[in-house]
There are 4 protein chains.
Amino acid sequence: MSPATPAKSRPLRKRDAERSKRAILEAALVEFSEHGHAGARIDSIAERSGISKPMIYSYFGDKDDLYAAALREAYVQIREGERDLDLDNLAPEDAIRALVSFTLGHFRSKPWFISMLNTENLRGGTTVRKISDVSAIQSRLLVQLREVLQRGAEEGVFRSGIDPVDFYITIASICYFPISNMHTLRTVFKCPMDETWMEQRRIDAEEIAIRFLRPDPGGRDG
Amino acid sequence: MSPATPAKSRPLRKRDAERSKRAILEAALVEFSEHGHAGARIDSIAERSGISKPMIYSYFGDKDDLYAAALREAYVQIREGERDLDLDNLAPEDAIRALVSFTLGHFRSKPWFISMLNTENLRGGTTVRKISDVSAIQSRLLVQLREVLQRGAEEGVFRSGIDPVDFYITIASICYFPISNMHTLRTVFKCPMDETWMEQRRIDAEEIAIRFLRPDPGGRDG
Amino acid sequence: MSPATPAKSRPLRKRDAERSKRAILEAALVEFSEHGHAGARIDSIAERSGISKPMIYSYFGDKDDLYAAALREAYVQIREGERDLDLDNLAPEDAIRALVSFTLGHFRSKPWFISMLNTENLRGGTTVRKISDVSAIQSRLLVQLREVLQRGAEEGVFRSGIDPVDFYITIASICYFPISNMHTLRTVFKCPMDETWMEQRRIDAEEIAIRFLRPDPGGRDG
Amino acid sequence: MSPATPAKSRPLRKRDAERSKRAILEAALVEFSEHGHAGARIDSIAERSGISKPMIYSYFGDKDDLYAAALREAYVQIREGERDLDLDNLAPEDAIRALVSFTLGHFRSKPWFISMLNTENLRGGTTVRKISDVSAIQSRLLVQLREVLQRGAEEGVFRSGIDPVDFYITIASICYFPISNMHTLRTVFKCPMDETWMEQRRIDAEEIAIRFLRPDPGGRDG
DNA sequence: TATGAATGAGTATTCATTCAT
DNA sequence: AATGAATGAATACTCATTCAT
């Protein structure tokens, strides 16, 4: 169709640019999550990504813009992880257990996410506010969770009237803290923080979630 | 002999090393918790405290040392808060509710604590490890908590075999996350984060703790 | 094709790393030799060289590294000066006289050398020890000197058994002190330190060297 | 005569002040000679001497003044050392040998002197010029030396017309350099710098001095 | 498009010097 | 007379950002 030379070089360049952007973004995510906003170094991101600093500036703008992109990327990765999660085909209790288990596993396997959230909250959330689409990101999860809670309430295994957002925050709380505060907990409370300890955490976390949802026994038996 | 001119008896206003040290420490706590380790500025601490930079270095060493002192101070403040807490004279359930309530209240009223913990964990806990006495600081609380759990188990209102450290981590988890992640939660989940929302959190948190401790009803009723 | 516009062939005026490095090194040599290690100012070196401070750090490392580079440069300049010196084609006595004359001349014309040596010895020689190739630098001179002494001994005009290193140190001693201590000598001994005084020094220095080498007359005449 | 109390307290105080001044001066001499002018620290001098900084300032003025006092002290110590030297009762050659030997020994045993001279010359001699009486200090030595040279010339063992200042500079040169440049010589020329090497230096130095003074053999024998 | 070279504006830290007691 | 407390003015070093090619 088109003459040979430009036909191949253009898309290739575009693809290269895309590849460079990704490399930068991933390097930035690691750097910001390891060192926080102020501690992160553009030099270091350039080195990690193998892309020169001027390119970083030309692709992303200044440090704050790059930080925003990295923060957004952290949320995007979480969303992608949640795709695998399918609560609709599980019994309500199993669905809740699956969600807890998934959340804890997710926090552990993507340490950037927690670090980025910590960093962003330390900064007062000024950047997350600017990422316009961020609230849409976790909506699919909430929709599923609302459906599960509803189903459980109808089946009589869960209390009714549980707000999915509040409940998700509860789940997130139990999963977040032991990981985000791993280092201080290890030192202050001498927690081993090994696989078995974490596994026990998971079991407890599921139990906490389920017990919280369970209908008030007094109302039935009394 | 001479009139009440407080020549030497009352504490000096200027040239008082102890007072200066405290001023620096408090300013450092605020600065580090607001900006993290890398983001904190010694200049700013000097200005906040009204003490010149050379004195800061003379009293505390370098930036890292000052950061360590501020982190330690955060833990000390928590310990001091816990002094008022007297779990021994409360019924087990009330004691747990009081502990949850206190923890959440402390996290809210002393935002430095959460910020310092976040910062320290972001940094991999290298500093907390150097503060030798930090693990002793929260031991009193754990002793009390163990006693309450024991009492509750004996009275039959709590399950037995609950580890006080693990359980304290659960309580801390539920109280920590909504506050530490306040800004991202507000944006991502549109949480109001106002007084009523927080109050509801407190009620839920107590409920979660109590339900987790409650003996398995199935085991009793058959 | 195109006219003589030296588009790419001739060395660039700006953005030339090599040129910048040399400018920094020369400025550092002057600054360190004028003010010593502790007294030298990086700011001043930046100004003298016309290169900004960050480049200095990027090219040379920290102040100590730059000082080491400057010290090494002082030795390199001496080696370059010695290249012109050709002792092999002179009669032994003339060769010694030439060496003395050259040494004194070099000390006078490159005041950095003496200042750098003074500074380094004041510092206990910690840096020179790190410059691995520094002892190789003056070896060519010693080889030549050994040959001259040998030749003179064979011809019977010099004593035999004179160690070239020790003898070079003697020469250096006589040439070094009047220059290195110029200012105190001028004040304490009211030496004029002008051209004629220096010329007389040169004549005396040659005489001292030659007389020291001359075979013991008593040994021959009995 | 005078009432008891002030009579004893005044002189004691004065003596204490004198003792403090000496302590400061000695500490300053060590500090300046170890670190040079810019490298010396008033804090360090205070610590070494056990006297507080404000006292140092009140006794000596500012850093430059203290440096000047230390430099002067170095010269004074040399003068004191020279008191023991009595050249008048020695045969001319022996006197010269004694002077050389003494000078070398002196430079070795009072390392401050050489360090202070180095420092002062590095600084361009601005301070020594202000010490008004410094040139008088070494005059006794020069008087003795002149007398010895004269005597030697009359006895026919020395050349006549040797300027005592120039000749003293020659002696100083040979003694100064191997000590002042000890560290670089050790590294660059692999000199052992031990007792035997130094002893050999002394023997050579005497020989150099004597040979330089010896009457021209050609003039006599020819 | 791509990057090595370059720098202005900070930032931690030090040091001579003075104040208040 | 004596000193612990205090600081203004540097000074070494860093880092986000831009220039020139």
Side-chain angles (χ1 to χ4, degrees), chain A residues 9 12-14 16-17 20 38-46 50-59 61-66, chain B residues 7-8 12-21 38-46 50-59 61-66, chain C residues 7-8 12-21 38-46 50-66, chain D residues 9-10 12-14 16-17 20 38-46 50-59 61-66:
Chain A
S9 66
L12 261 179
R13 265 196 199 158
K14 216 173 188 178
D16 279 7
S20 294
R41 300 287 167 251
I42 300 286
D43 264 299
S44 179
I45 293 171
I51 310 287
S52 69
K53 281 186 291 174
M55 292 316 305
I56 295 177
Y57 280 90
S58 115
Y59 282 142
D62 67 7
K63 190 185 186 182
D64 279 7
D65 296 333
L66 182 54
Chain B
K8 278 201 169 174
L12 315 165
R13 287 286 139 180
K14 286 184 172 183
R15 309 252 153 191
D16 180 342
E18 228 42 58
R19 182 184 299 259
S20 296
K21 275 185 176 177
R41 300 287 166 249
I42 300 286
D43 268 303
S44 178
I45 294 171
I51 309 286
S52 68
K53 281 187 290 174
M55 291 317 291
I56 296 177
Y57 283 92
S58 144
Y59 284 137
D62 66 8
K63 190 184 184 181
D64 279 9
D65 295 333
L66 182 55
Chain C
K8 280 203 168 174
L12 316 165
R13 288 286 140 180
K14 286 186 172 183
R15 309 250 153 193
D16 180 341
E18 229 41 58
R19 181 184 300 258
S20 297
K21 273 184 177 178
R41 299 285 166 250
I42 300 287
D43 267 304
S44 177
I45 293 172
I51 309 285
S52 67
K53 279 186 292 173
M55 291 317 292
I56 296 177
Y57 285 94
S58 145
Y59 284 138
F60 288 93
D62 65 9
K63 190 183 183 182
D64 279 9
D65 295 333
L66 182 55
Chain D
S9 67
R10 281 270 179 73
L12 261 178
R13 265 198 200 157
K14 216 174 189 176
D16 280 7
S20 295
R41 300 286 166 252
I42 300 286
D43 264 300
S44 179
I45 293 170
I51 310 286
S52 69
K53 283 187 289 174
M55 290 318 301
I56 295 178
Y57 280 90
S58 115
Y59 282 142
D62 67 8
K63 190 185 185 182
D64 279 6
D65 296 333
L66 182 54

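Below, chain A is the first sequence line, B the second, and so on; all start at residue 1.
Considering only residues two or more places apart in sequence or on other chains, C:K63 meets the side chain to side chain donor-acceptor pair (under 3.5 Å) condition with none of them. Qualifying side chain to side chain donor-acceptor pair (under 3.5 Å) partners for C:D65, counting only residues two or more places apart in sequence or in other chains: none. Remark: C:S44 engages C:E31 in a side chain to side chain donor-acceptor pair (under 3.5 Å) (not counting sequence neighbours). Evaluation of the side chain to side chain donor-acceptor pair (under 3.5 Å) rule for C:D64 yields C:H37 as partners, not counting sequence neighbours.
The separation between C:D16 atom CG and E:dA6 atom P is 8 Å, rounded to whole Å. For the pair D:M55 CE and E:dT21 P, the computed distance is 19 Å after rounding to whole Å. As rounded to whole Å, 7 Å separates atom P of E:dT3 from atom CD1 of A:I51. For the pair A:Y59 OH and E:dA2 C1', the computed distance is 9 Å after rounding to whole Å. Rounded to an integer number of Å, the gap from CZ of C:R19 to C1' of E:dA6 is 15 Å.
Taking all atoms of both residues into account, the shortest heavy-atom contact from B:S52 to B:A46 is C-CB, 4.3 Å. For the pair A:M55 and A:I51, the tightest heavy-atom approach, listed with the atom from each and the gap, is CB-CG2, 3.5 Å. Nearest heavy-atom pair, B:Y59 versus B:K21, reported as atom, atom and distance to 0.1 Å: CD2-CE, 3.6 Å. Nearest heavy atoms, D:I42 versus D:I56: O-CD1, 4.4 Å.
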Convert the base pairs of DNA chain E into dot-bracket notation, remembering that pairs crossing earlier ones are written with [ ] and that bases paired across to another strand are shown as |; include only Watson-Crick or G-U pairs under 3.5 Å. .||||||||||||||||||||
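Contacts of B:S20 with the nucleic acid, taken as non-hydrogen atoms under 4.0 Å apart, involve only primed sugar atoms and P, OP1 or OP2.
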Contact letters for nucleotides 12-19 of chain F, in which S counts primed atoms plus P, OP1 and OP2 and B counts the base, heavy atoms under 4.0 Å: SBBBSBBB
